[in-house]
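Along the sequence shown, the residues carry numbers beginning at 1.
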Amino acid sequence: TALKAFGLGEDATWHRIASQGTFHRLYDVLSPVGGAQLLRVSTLRGDESSQLMELECRLTEALRHAGLPVCHCDWRRVGEGPEARGAHLLERAPGASLSTKDDDEIAMRAALGYVGRFLATLHGISGRGYGPLSHAGLASEPRRLEGLHERWDDYVFLRLEDHLVRCVAAGAMNESEARDSRAHFDAMREALRAQRPALLHGDPGSHNVIV
């Protein structure tokens, strides 16, 4: 069904990749038109998950425009109503996951130099607002990066109390440590407010990097 949504016919071949992601099912696709591509189908159903995948796809185009080596992405909604899922069809990226170098300190250090330069360029991309990217902003104007919140501290403090309560409940900190943590955040609020907006990678772990 997902392949048909992208206009791929019976001449396209596919197989499920052995190493799977957390939130997507991954398939290698080979077609006469597109060549080798990667199909990602969300494991989560519903409009919210589908819209997040659309947002990610629109963002890749903004990053490509900024000169970053990001694969071209196409997006489709597969299915209807509450059963709908998002799907991506991407260029197949050469290289391997950075996590394959986790046990090789020399190779990891060399690769991290590349990763650092990539993230420095990424974090140099500016926009308006703070917090999660606005879907409406990118949908209304290509490469328009806009956060959902007017100020950075508005986002940081949005669920702070809830986070601290959950940390105490989980045994990660006691009541005294939670109060101290809140006091530190309060003391830093003006400094947070003074930060300029920049695009940030939410989880730059080795499992999320291809080199």
* Within a strict 4.5 Å, meaning less than it, do heavy atoms of the Trp14 and Leu39 side chains meet? -> no

Next on the checklist: Are the side chains of Leu59 and Val70 in contact, using a 4.5 Å heavy-atom criterion?
Outcome noted: no

Item to check | Any Val41 side-chain heavy atom under 4.5 Å of Val78 side chain | outcome: no

Q: Report, as yes or no, whether the 6.0 Å neighbourhood of atom CZ on Arg193 holds more than 12 heavy atoms from other residues, nucleotides or ligands.
A: yes

Which of parallel (below 30°), tilted (30 to 60°) and perpendicular (above 60°) describes Phe157 and Phe185? perpendicular

With a sphere of 6.0 Å drawn around CD of Glu177, does it hold more than 12 non-hydrogen atoms of other residues, nucleotides or ligands? yes

- prompt: Does some side-chain heavy atom of Glu54 sit less than 4.5 Å from a side-chain heavy atom of Cys57?
  reply: no

field: Heavy-atom side-chain contact between Thr60 and Cys71 under 4.5 Å
entry: no

For Lys101 and Ala111, the nearest pair of non-hydrogen atoms, with its separation, is CD-CB, 4.1 Å

Nearest heavy-atom contact between Leu133 and Leu55 is O-CD2, 4.0 Å

Minimal heavy-atom distance between Leu145 and Ser126, with the atoms involved, is CD1-O, 4.1 Å

Q: Look at the aromatic rings of Tyr130 and Trp152 and report parallel, tilted or perpendicular, splitting at 30° and 60°.
A: tilted

message = Regarding Ser31 and Asp11, do their side chains bring together a donor and an acceptor under 3.5 Å, going by distance alone?
response = no

Between Val29 and the options Leu38, Thr13, Leu90, Leu8, the side chain to side chain contact (heavy atoms under 4.5 Å, CB included) test singles out Leu8

Can you check whether Leu44 reaches Arg85 side chain to side chain, under 4.5 Å on heavy atoms?
-> no

So Leu199 and Leu63, do their side chains get closer than 4.5 Å, heavy atoms only? yes

Requested in this report: Answer yes when Arg76 and Asp74 have at least one side-chain N-carboxylate O distance shorter than 4.0 Å, and no when they do not.
Outcome: yes

With side chains defined as the heavy atoms from C-beta onward, is the minimum distance between Arg77 and Met53 less than 4.5 Å? no

- Task: Assess whether side chain to side chain contact (heavy atoms under 4.5 Å, CB included) is satisfied between Asp103 and Met108, documenting all intermediate values.
- Result: CA-CA 8 Å; Asp103 296 326; Met108 176 61 79; over 6 Å; no

